[in-house]
Amino acid sequence: MARISRKAELVPIDPRGPRTNQAFLAVALAVAFLFDLRPLVPALAVLLGLRAAFGPRASPVIRLYSALIRPRLGPPSHLEDPRPARFAAAVGTLFLVASSIAFLVGAPGLAWVLALVVAALAALAALTGVCVGCEIWLLLARWRRVELVA
Amino acid sequence: MTRLLVVLALLVTVGAVSWAWRARRARLQRVRSGERLPPELRRDAARTWVVVTTPGCASCEPAAAGLRDLDPTAALVPLDATERPDLACALDVRAAPTVLEADADGWIVRRLAGPQAVMAHLDRR
């Protein structure tokens, strides 16, 4: 079972799926901050955590993209290794979990700073394709000499 | 109101970083007029691909293979930037792989910097 999921995780992915997810995350976190919707932060942490733990298929946003948007677009210009984006989602989840804990212990200032860092990096990734978490994974991969699948 | 200003400031910052990154990427792909391969990289072929690589570059070999498939008659010249930093510097290489396409006289006619630019070029063909 573990072997099957490991193989599945190494299938190159359409990078526009994670970018849609990043755009959604940036907008949702900005709206949460604007209207002080604190419960939205742990909810987004769960969504992003699912994507990090079980891959793009576990993300409702990426599933919506695959079902509704992708059929209307042309094929992607290139495919990407799925692991960097997954690592970036894991780092984003950690930040959002830390933000949720900060809300719980009564430090809303710190909580919003952590959430807005995720929002800014997600917006940057959605707009330019520059994914800071992915770059960290790629640096680590280069250091460990991991081979990329795309 | 303060929150709106914070979100606006964040948007402006992200927008500025995005713009700077796109401008840098465009500059990396631009061929400067009158740019020619150094004599030691020129080959006796109608088209020469110089593929600048680094030892840890995962996408350099697939990029070179793609170029070989694209035009088997072209000369393919691999250049390890860590072995010849002087040449990499002279050719203004900032990403691996960087592919320089030169004509029969060694004039550079195309510059593809980074794996995405190379793969996008291969996919268009």
Side-chain angles (χ1 to χ4, degrees), chain A residues 10 12 14-16 19 22-23 25-38 74-81 83-84 108-109 112-113 115-132 134-135 137-150, chain B residues 1-29 52-67 69-70 80-82 94-99 112-125:
Chain A
L10 287 180
D14 176 356
R16 295 170 300 182
R19 280 177 84 161
Q22 287 150 350
L25 192 65
V27 172
L29 283 170
V31 168
F33 175 69
L34 266 181
F35 300 103
D36 202 17
L37 303 172
R38 298 179 186 190
S77 66
H78 68 284
L79 297 175
E80 282 182 3
D81 190 303
R83 290 169 293 179
W112 282 126
V113 167
L116 289 179
V117 166
V118 177
L121 294 180
L124 186 68
L127 286 171
T128 63
V130 174
C131 163
V132 175
C134 307
E135 294 300 325
W137 189 91
L138 288 169
L139 273 178
L140 293 173
R142 224 167 278 165
W143 180 58
R144 290 165 48 209
R145 298 194 179 275
V146 173
E147 278 192 28
L148 297 175
V149 295
Chain B
M1 189 62 189
T2 315
R3 286 177 185 253
L4 188 63
L5 286 176
V6 170
V7 170
L8 284 176
L10 212 60
L11 268 178
V12 169
T13 309
V14 169
V17 174
S18 305
W19 178 82
W21 184 80
R22 280 169 196 269
R24 179 179 178 272
R25 195 174 57 171
R27 190 173 53 77
L28 286 180
Q29 312 296 341
V52 188
T53 66
T54 53
C57 169
S59 40
C60 290
E61 187 43 47
L67 292 169
D69 289 346
L70 186 67
D80 186 331
T82 59
R94 306 285 173 89
T98 286
V99 173
L112 305 166
Q116 288 191 1
V118 179
M119 291 308 168
H121 179 71
L122 293 174
D123 286 343
R124 277 198 295 270
R125 298 306 162 113

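Throughout, a chain's letter reflects where its sequence line sits, starting with A, and its residues are numbered from 1.
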Listed partners of B:Arg94 passing salt bridge (charged side-chain N to carboxylate O under 4.0 Å, His left out), at least two apart: B:Asp92
Any chance CZ of B:Arg3 has more than 12 other-residue heavy atoms, nucleotides or ligands included, within less than 6.0 Å? yes
Check residues 25-38 of chain A and write down every donor-acceptor pair under 3.5 Å in which the side-chain atom is one partner and the other belongs to a residue at least two apart or another chain.
residue	atom	partner	partner atom	Å
A:Asp36	OD1	A:Arg38	NE	3.1

Measure the spacing between SG of A:Cys134 and CZ of A:Arg83 and express it to the nearest 0.5 Å. 12.5 Å
Can you name the side-chain hydrogen bond (donor to acceptor under 3.5 Å, both in side chains) partners of B:Thr13, sequence neighbours left out? none
Counting heavy-atom pairs under 4.5 Å to chain A, which of B:Gly15, B:Ser18, B:Pro115 comes out on top? B:Ser18
Side chains of B:His121 and B:Leu70: closer than 4.5 Å at any heavy-atom pair? yes
Could you tell me which portion of B:Leu10 (side chain, backbone, both or neither) has an atom closer than 4.5 angstrom to a non-hydrogen atom of chain A? side chain
Within residues 120-127 of chain A, which residues come under 4.5 Å of chain B, heavy atom to heavy atom? A:Ala120, A:Ala123, A:Leu124, A:Leu127
Just how far is it from atom OG1 of A:Thr128 to atom CD of A:Gln22, taken to the nearest 0.5 Å? 9.0 Å
